[in-house]
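Everything below concerns the one structure shown next.
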There are 2 protein chains.
Amino acid sequence: MDFSDYVPSVSVDCVVFGFHQNQLKVLMLKLKHLNLWALPGGFIENNQSATIAADKVLKDRTGLEGIYQQQFHVFTDPERSQTSHIEQLISNDVLDKDVLGWFKNRFISIGYYALVEYSKVNKPEPDFLSEKCQWVSLDELPELMLDHEEIIKRAYVRLNQDLYQKPVGINLLPEKFTMPELQALYETILQKKIDRRNFRRKILSLNIIIDTKEKRMGSNNRAPIVYKFDKTKYHQVLKEGYHINLF
Amino acid sequence: MDFSDYVPSVSVDCVVFGFHQNQLKVLMLKLKHLNLWALPGGFIENNQSATIAADKVLKDRTGLEGIYQQQFHVFTDPERSQTSHIEQLISNDVLDKDVLGWFKNRFISIGYYALVEYSKVNKPEPDFLSEKCQWVSLDELPELMLDHEEIIKRAYVRLNQDLYQKPVGINLLPEKFTMPELQALYETILQKKIDRRNFRRKILSLNIIIDTKEKRMGSNNRAPIVYKFDKTKYHQVLKEGYHINLF
DNA sequence: TACTATTGTGTAATAATGACACAATAGGAT
DNA sequence: ATCCTATTGTGTCATTATTACACAATAGTA
């Protein structure tokens, strides 16, 4: 295994959020033969930007390209670099012992959060350290490697804040969705109940969703209207941000 | 010059904002014998976090400790690493040519913005590359090294956004200040005029400033009330953020 | 004492928000 | 068919926040 084409000391970690069954999920890797989980991550090639490196991580794990990503924090605590899990992987013959030299370095990790439509990820792929790649509920996290729990917490805080400045639905929901589904997403992320009618009014006032004139049938109650995002207006709003009042 | 105690590939750059004469200023360094300016920056020692490294940069340039700092972005474009300015400094005998090896590396730079009370910075100190350290108006930036102009722009955008989520006055204004002064600060950062009376109402409703019962005398008009921040409430609001409405 | 410049204070019209009630309807039960 | 259930679509009213103003107060100066 050759690490010489990577930028030293720097890594990238991705917190991939998905929304399923009214829960926020994170894509996680289970280390081979260990009861320890990790975030999808990687290193930066010498001629790559970190964004491109994160794109590659996302592509490799989810199979999808062009996933929405947002750099949110860099983790630089010198104590965050530990190698006990690598040493265990080596003693389990998962890794060759000559990789230890690379991992013994201190790493500063650039955190990205990514938003992806849950159902689009058909086959999450583990990497060379892991035996499983799967969705885990944000509120049922298993034991995590290094500071990955802190990274997830911070990603979530940032996602929460970002929700007040820009829309996120287009990345987390399928192309067509109903108002109750959109509301469930917001309630899940914000962790609070929102009045149905006030939510609708607010969302519609943003002018970023369009009534498709379809209805979502199949439930034994009034069928909700199916909406889709107005991509033009959505991206316009995303770029400008909400100018939520101060003055 | 020995760089062996620094983390490879990673640097720190600080955008230090100050407020003076109704203008937002940035602390800049002028490279020795060159007509080129740079942000205060540095490297991370092997046992330091980036935050501590930024603290040191801020201390070394301003003489002040405990300056408010906020990590805002990491700059990772592989094209951002250039050495032409270093080579010029070497050919001008400012630097020894054996430093070139270190600077030839690609650097990923962690951007911090810092807020400081302008008048507290008595004697800005240049570093080993520079002959001057001084305040420069944000809208009159000289020619800057590398991608430092982009770094400043992004810092400013972030400061702008942050203003909608948390108060900033305590870091940029002197301990005692008047309502018109606070308003001028907001108008400068947001680059828009705010109605005097509405501004006052909004600020007072946050409950983070206290009437000192003093007046600022000396001008031939009605003397404005002198306020100070209620540090307890200020930091409480800072921590929680404004929960500016969405729902 | 009057004048100037600017500050402190108040108020009315408009818009946004929060807290509700009721009609509409898809699917299933009778 | 008709009724029932669960849930959605729509509307309304009281309250609060915002916008756009007018006028009185006052420190210094003429």
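Because the structure is predicted, anything quoted here is derived from the model rather than measured. So you know, we letter chains A, B, ... as the sequences are listed, proteins then strands, and number each from 1.
For CG of A:Asn35, the number of neighbouring non-hydrogen atoms (other residues, nucleotides, ligands) closer than 6.0 Å is 12 at most. The number of heavy-atom neighbours closer than 6.0 Å to NZ of A:Lys166, taken from other residues, nucleotides and ligands shown, is above 12.
Mapped onto DNA chain C by nearest heavy atom, A:Arg201 and A:Asn221 fall at different nucleotides, with A:Arg201 at the one closer to the 5' end. Positionally, the nearest nucleotide of DNA chain C for B:Ile225 lies more toward the 5' end than for the other of A:Ser205 and B:Ile225.
For D:dA27, one of the phosphate oxygens OP1 or OP2 lies less than 4.0 angstrom from a side-chain nitrogen or oxygen of B:Lys215. Residue B:Lys202 places at least one side-chain N or O closer than 4.0 Å to OP1 or OP2 of D:dT18.
Taking atom CD on B:Glu181 and atom P on C:dT6, their separation rounds to 14 Å, with Å as the unit. A:Lys193 places its NZ atom 17 Å from the P atom of C:dC20, with the value rounded to the nearest Å. If you take CG of B:Leu206 and P of D:dA17, they are 12 Å apart, rounded to a whole angstrom. Distance B:Asp195 CG to C:dG10 P: 15 Å, rounded to the nearest Å. Between the CD1 atom of B:Ile194 and the P atom of C:dT7 there is a distance of 14 Å, given to the nearest Å. If you take NZ of B:Lys192 and C1' of D:dA20, they are 15 Å apart, rounded to a whole angstrom. Taking atom CE of residue A:Met217 and atom C1' of nucleotide D:dT7, one finds them 14 Å apart after rounding to whole Å. To the nearest angstrom, P of D:dT18 lies 14 Å from CZ of B:Phe199.
Relative to the side chain of B:Ala223, the nucleotides D:dC21, D:dA27, C:dC20 differ in distance, and D:dA27 lies closest. In the set D:dG28, C:dG18, D:dT8, the nucleotide with an atom closest to the side chain of A:Asn198 is C:dG18. With C:dT7, D:dT8, D:dC21 as the candidates, the nucleotide lying closest to the side chain of A:Pro180 is D:dT8. Listed nucleotides: D:dC23, D:dT29, D:dT8. Nearest to the side chain of A:Arg196: D:dT8. When distances are taken from the side chain of B:Arg222 to each of C:dC20, C:dT6, C:dT17, the shortest belongs to C:dT6. Checking C:dT9, D:dT29, C:dA21 against the side-chain heavy atoms of A:Arg197 singles out C:dA21 as nearest.
A salt bridge is defined here as a Lys NZ or Arg NE, NH1 or NH2 lying under 4.0 Å from an Asp or Glu carboxylate O, and B:Glu131 with B:Lys30 meets this definition. Salt-bridge annotation for B:Arg216 and B:Glu181: present, with a side-chain N of the basic residue lying under 4.0 Å from a carboxylate O of the acidic one.
The aromatic rings of A:Tyr68 and A:Tyr113 lie tilted to each other, with the angle between the two planes from 30° to 60°.
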